[in-house]
Participant: 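Below you will find the structure I want to go over with you.
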Amino acid sequence: MDDGSTDDTAVIAAAFDGVAVVTQRNQGPSVARNHGARVAQGEILAYTDADCVPRKDWIRQLVAPFEEGVIAVGGTYDIANAEKRLARVVQAEIAARHAQFGDDVDFLGSFNVAYRKSAFDAVGGFEESYRYASGEDNDLAYKLQDTGGRMRFTQGAVVAHYHP
(Lines give C-alpha, C1' and ligand atoms only; values in the text may rest on other atoms or scores of the structure.)
Protein backbone atom coordinates (compact mmCIF):
# COMPACT_ATOMS: atom_id res chain seq x y z
CA MET A 1 0.00 0.00 0.00
CA ASP A 2 1.59 3.25 -1.13
CA ASP A 3 0.28 6.32 0.67
CA GLY A 4 1.30 8.87 -1.94
CA SER A 5 5.06 8.43 -1.73
CA THR A 6 7.10 10.95 -3.68
CA ASP A 7 10.04 8.68 -4.44
CA ASP A 8 10.29 5.47 -6.47
CA THR A 9 8.86 3.21 -3.75
CA ALA A 10 5.83 2.07 -5.74
CA VAL A 11 7.86 1.43 -8.91
CA ILE A 12 10.50 -0.55 -7.00
CA ALA A 13 7.90 -2.63 -5.14
CA ALA A 14 5.94 -3.37 -8.31
CA ALA A 15 9.08 -4.81 -9.93
CA PHE A 16 8.98 -7.85 -7.62
CA ASP A 17 7.19 -10.96 -8.85
CA GLY A 18 3.85 -11.50 -7.15
CA VAL A 19 3.65 -7.99 -5.71
CA ALA A 20 0.61 -5.83 -6.37
CA VAL A 21 1.01 -2.19 -5.41
CA VAL A 22 -2.05 -0.13 -4.55
CA THR A 23 -1.54 3.62 -4.47
CA GLN A 24 -3.55 6.50 -3.10
CA ARG A 25 -2.93 10.19 -2.52
CA ASN A 26 -1.35 10.79 0.87
CA GLN A 27 -3.99 10.49 3.59
CA GLY A 28 -1.99 9.04 6.46
CA PRO A 29 -1.19 5.57 7.72
CA SER A 30 -4.63 4.66 9.10
CA VAL A 31 -6.43 5.42 5.84
CA ALA A 32 -3.72 3.67 3.82
CA ARG A 33 -3.73 0.55 6.00
CA ASN A 34 -7.52 0.33 5.85
CA HIS A 35 -7.48 0.82 2.07
CA GLY A 36 -4.99 -2.02 1.77
CA ALA A 37 -7.16 -4.22 3.99
CA ARG A 38 -10.22 -3.57 1.82
CA VAL A 39 -8.46 -4.78 -1.34
CA ALA A 40 -6.56 -7.64 0.35
CA GLN A 41 -7.79 -11.11 -0.49
CA GLY A 42 -5.95 -13.21 2.07
CA GLU A 43 -6.98 -14.29 5.54
CA ILE A 44 -4.06 -12.49 7.23
CA LEU A 45 -3.13 -8.80 6.90
CA ALA A 46 0.55 -8.04 7.58
CA TYR A 47 1.86 -4.54 8.21
CA THR A 48 5.23 -2.87 8.53
CA ASP A 49 6.27 0.72 7.99
CA ALA A 50 8.29 2.58 5.37
CA ASP A 51 11.17 3.10 7.81
CA CYS A 52 11.42 -0.63 8.57
CA VAL A 53 13.27 -3.40 6.73
CA PRO A 54 11.85 -6.87 7.41
CA ARG A 55 14.15 -9.88 7.70
CA LYS A 56 13.82 -12.44 4.92
CA ASP A 57 11.81 -14.82 7.13
CA TRP A 58 9.60 -12.05 8.56
CA ILE A 59 6.25 -13.22 7.13
CA ARG A 60 6.89 -16.86 8.02
CA GLN A 61 7.79 -15.92 11.61
CA LEU A 62 4.90 -13.48 11.91
CA VAL A 63 2.18 -15.92 10.85
CA ALA A 64 3.56 -18.99 12.67
CA PRO A 65 1.91 -18.15 16.05
CA PHE A 66 -1.57 -17.94 14.52
CA GLU A 67 -3.72 -20.71 15.95
CA GLU A 68 -7.33 -21.03 17.02
CA GLY A 69 -8.38 -17.92 18.95
CA VAL A 70 -5.37 -15.81 17.96
CA ILE A 71 -6.50 -12.70 16.10
CA ALA A 72 -3.24 -10.75 15.94
CA VAL A 73 0.50 -11.37 16.13
CA GLY A 74 3.26 -8.83 16.45
CA GLY A 75 7.02 -8.91 16.33
CA THR A 76 10.00 -6.91 17.43
CA TYR A 77 12.48 -4.30 16.26
CA ASP A 78 16.10 -4.51 15.33
CA ILE A 79 18.15 -1.44 14.48
CA ALA A 80 18.86 -0.31 10.92
CA ASN A 81 20.99 2.73 11.73
CA ALA A 82 23.31 1.54 14.50
CA GLU A 83 25.86 4.20 13.57
CA LYS A 84 23.61 6.78 15.30
CA ARG A 85 24.12 7.01 19.06
CA LEU A 86 20.54 8.08 19.82
CA ALA A 87 19.21 5.25 17.66
CA ARG A 88 21.26 2.77 19.72
CA VAL A 89 19.81 4.18 22.95
CA VAL A 90 16.24 4.00 21.62
CA GLN A 91 16.85 0.45 20.38
CA ALA A 92 18.28 -0.65 23.73
CA GLU A 93 15.14 0.60 25.51
CA ILE A 94 12.85 -1.18 23.05
CA ALA A 95 14.86 -4.41 23.23
CA ALA A 96 14.72 -4.40 27.04
CA ARG A 97 10.96 -3.83 27.00
CA HIS A 98 10.33 -6.51 24.35
CA ALA A 99 12.51 -9.01 26.24
CA GLN A 100 9.99 -8.86 29.09
CA PHE A 101 6.96 -9.62 26.91
CA GLY A 102 5.27 -12.96 27.26
CA ASP A 103 3.53 -14.80 24.45
CA ASP A 104 0.20 -13.07 25.07
CA VAL A 105 0.06 -9.28 25.05
CA ASP A 106 -2.53 -6.52 25.12
CA PHE A 107 -0.87 -4.23 22.59
CA LEU A 108 0.88 -4.67 19.23
CA GLY A 109 2.62 -1.90 17.30
CA SER A 110 1.70 -1.40 13.66
CA PHE A 111 5.39 -1.34 12.65
CA ASN A 112 5.41 -5.17 12.73
CA VAL A 113 2.03 -6.83 13.03
CA ALA A 114 -0.43 -9.20 11.40
CA TYR A 115 -4.17 -9.44 11.96
CA ARG A 116 -6.80 -11.95 10.99
CA LYS A 117 -8.69 -10.06 8.33
CA SER A 118 -12.02 -11.17 9.76
CA ALA A 119 -11.17 -9.74 13.21
CA PHE A 120 -9.72 -6.55 11.69
CA ASP A 121 -12.84 -6.02 9.57
CA ALA A 122 -15.20 -6.80 12.48
CA VAL A 123 -13.84 -3.90 14.54
CA GLY A 124 -13.57 -1.48 11.62
CA GLY A 125 -9.78 -1.50 11.26
CA PHE A 126 -7.67 1.52 12.15
CA GLU A 127 -9.41 4.68 13.33
CA GLU A 128 -8.96 7.04 10.40
CA SER A 129 -9.14 10.24 12.44
CA TYR A 130 -5.50 9.58 13.40
CA ARG A 131 -3.87 11.50 10.56
CA TYR A 132 -0.34 10.59 11.66
CA ALA A 133 1.12 7.49 13.29
CA SER A 134 0.32 8.32 16.90
CA GLY A 135 -1.97 5.96 18.74
CA GLU A 136 -3.97 4.35 15.97
CA ASP A 137 -2.36 0.99 16.79
CA ASN A 138 -3.26 1.40 20.50
CA ASP A 139 -6.84 2.16 19.54
CA LEU A 140 -7.06 -0.93 17.33
CA ALA A 141 -5.51 -3.12 20.03
CA TYR A 142 -8.15 -1.98 22.53
CA LYS A 143 -10.95 -2.73 20.07
CA LEU A 144 -9.50 -6.18 19.35
CA GLN A 145 -9.09 -6.89 23.06
CA ASP A 146 -12.77 -6.20 23.58
CA THR A 147 -13.62 -9.05 21.18
CA GLY A 148 -11.96 -11.59 23.48
CA GLY A 149 -9.45 -12.79 20.87
CA ARG A 150 -5.83 -13.38 21.79
CA MET A 151 -2.94 -11.21 20.67
CA ARG A 152 0.48 -12.85 20.55
CA PHE A 153 4.03 -11.52 20.52
CA THR A 154 6.97 -13.26 18.87
CA GLN A 155 10.65 -12.37 19.06
CA GLY A 156 11.14 -14.30 15.80
CA ALA A 157 9.41 -11.77 13.52
CA VAL A 158 11.93 -8.94 13.18
CA VAL A 159 12.04 -5.68 11.26
CA ALA A 160 15.07 -3.40 11.36
CA HIS A 161 13.93 0.14 12.08
CA TYR A 162 15.59 3.41 11.15
CA HIS A 163 15.24 5.24 14.45
CA PRO A 164 15.12 9.01 13.89
Participant: Applying side chain to side chain contact (heavy atoms under 4.5 Å, CB included), run through Val21 and Thr23 and close with a yes or a no.
Facilitator: CA-CA 6 Å; Val21 177; Thr23 60; 4.0 Å; yes

Participant: Check whether any side-chain heavy atom of Val159 lies under 4.5 Å from a side-chain heavy atom of Trp58, and answer yes or no.
Facilitator: yes

Participant: With rounding to the nearest 0.5 angstrom, report the CG to OG distance, Asn138 to Ser110.
Facilitator: 9.0 Å

Participant: Hey, does the side chain of Gln61 reach the backbone of Gln155 with a donor-acceptor pair shorter than 3.5 angstrom?
Facilitator: no

Participant: What I'd like to find out is whether the side chain of Glu127 reaches to under 4.5 Å of the side chain of Ser30, using heavy atoms alone.
Facilitator: no

Participant: Which ILVMFWY residues are connected to Ile79, directly or by a chain of links, through side-chain heavy atoms under 4.5 Å apart?
Facilitator: none

Participant: Counting N and O atoms only, with roles assigned by atom type, does the side chain of Gln91 sit under 3.5 Å from a partner on the main chain of Tyr77, one being a donor and the other an acceptor?
Facilitator: yes

Participant: Rounded to the nearest 0.5 Å, how far does CZ of Arg33 lie from CZ of Arg38?
Facilitator: 13.5 Å

Participant: Within the distance-only criterion (no hydrogens, no angle test), does the side chain of Asp8 pair as donor or acceptor with the backbone N or O of Val11 below 3.5 angstrom?
Facilitator: no

Participant: Same cluster for Val22 and Phe16 if Ile/Leu/Val/Met/Phe/Trp/Tyr side chains link at under 4.5 Å?
Facilitator: no

Participant: Between the side chain of Thr48 and the main-chain N/O of Phe111, is any donor-acceptor distance below 3.5 Å?
Facilitator: yes

Participant: Using a cut-off of 6.0 Å, state whether more than 12 heavy atoms not belonging to Glu43 lie near its atom CD.
Facilitator: no

Participant: Quick one: do Met1 and Val39 end up in the same hydrophobic cluster if we chain Ile, Leu, Val, Met, Phe, Trp and Tyr together by side-chain heavy atoms under 4.5 Å apart?
Facilitator: yes

Participant: So, does Asn112 use its side chain to make a donor-acceptor pair with the main chain of Thr76 at under 3.5 Å?
Facilitator: yes

Participant: Treating Asn26 as the side-chain partner and Asp3 as the backbone partner, does any N or O pair qualify as donor plus acceptor under 3.5 Å?
Facilitator: yes

Participant: Do the non-hydrogen side-chain atoms of Val63 and Val73 ever get within less than 4.5 Å of each other?
Facilitator: no

Participant: Can you check side-chain hydrogen bond (donor to acceptor under 3.5 Å, both in side chains) on His163 and Asn81, steps first, answer last?
Facilitator: CA-CA 7 Å; His163 299 286; Asn81 56 339; 5.4 Å; no

Participant: Linking Ile, Leu, Val, Met, Phe, Trp and Tyr by side-chain heavy atoms under 4.5 Å, what else ends up with Tyr162?
Facilitator: Val53

Participant: What I'd like to find out is whether the side chain of Glu128 reaches to under 4.5 Å of the side chain of Glu136, using heavy atoms alone.
Facilitator: no

Participant: Are the side chain of Arg88 and the backbone N or O of Ala82 linked by a donor-acceptor pair below 3.5 Å?
Facilitator: yes

Participant: Hey, does Gln41 have a side-chain heavy atom less than 4.5 Å from the side chain of Lys117?
Facilitator: no

Participant: Quick one: CD on Gln27 to CZ on Arg131, what's the gap to the nearest 0.5 Å?
Facilitator: 7.0 Å

Participant: What do you reckon, is NZ of Lys84 surrounded by more than 12 foreign heavy atoms closer than 6.0 Å?
Facilitator: no

Participant: Can you find a pair of side-chain heavy atoms, one from Asp2 and one from His35, that are under 4.5 Å apart?
Facilitator: no

Participant: Does the Asp78 side chain pair with the main chain of Ala160, one donor and one acceptor, at a distance under 3.5 Å?
Facilitator: no

Participant: To the nearest 0.5 Å, what is the distance between CD1 (Ile59) and CD1 (Ile44)?
Facilitator: 10.0 Å

Participant: Is a donor on one side and an acceptor on the other found under 3.5 Å between the side chain of Ser118 and the backbone of Arg116?
Facilitator: no

Participant: If hydrophobic residues (ILVMFWY) are linked whenever their side-chain heavy atoms come closer than 4.5 Å, directly or via other members, who joins Val123 in its cluster?
Facilitator: Leu45, Tyr47, Ile71, Phe101, Val105, Leu108, Val113, Tyr115, Phe120, Phe126, Leu140, Leu144, Met151, Phe153

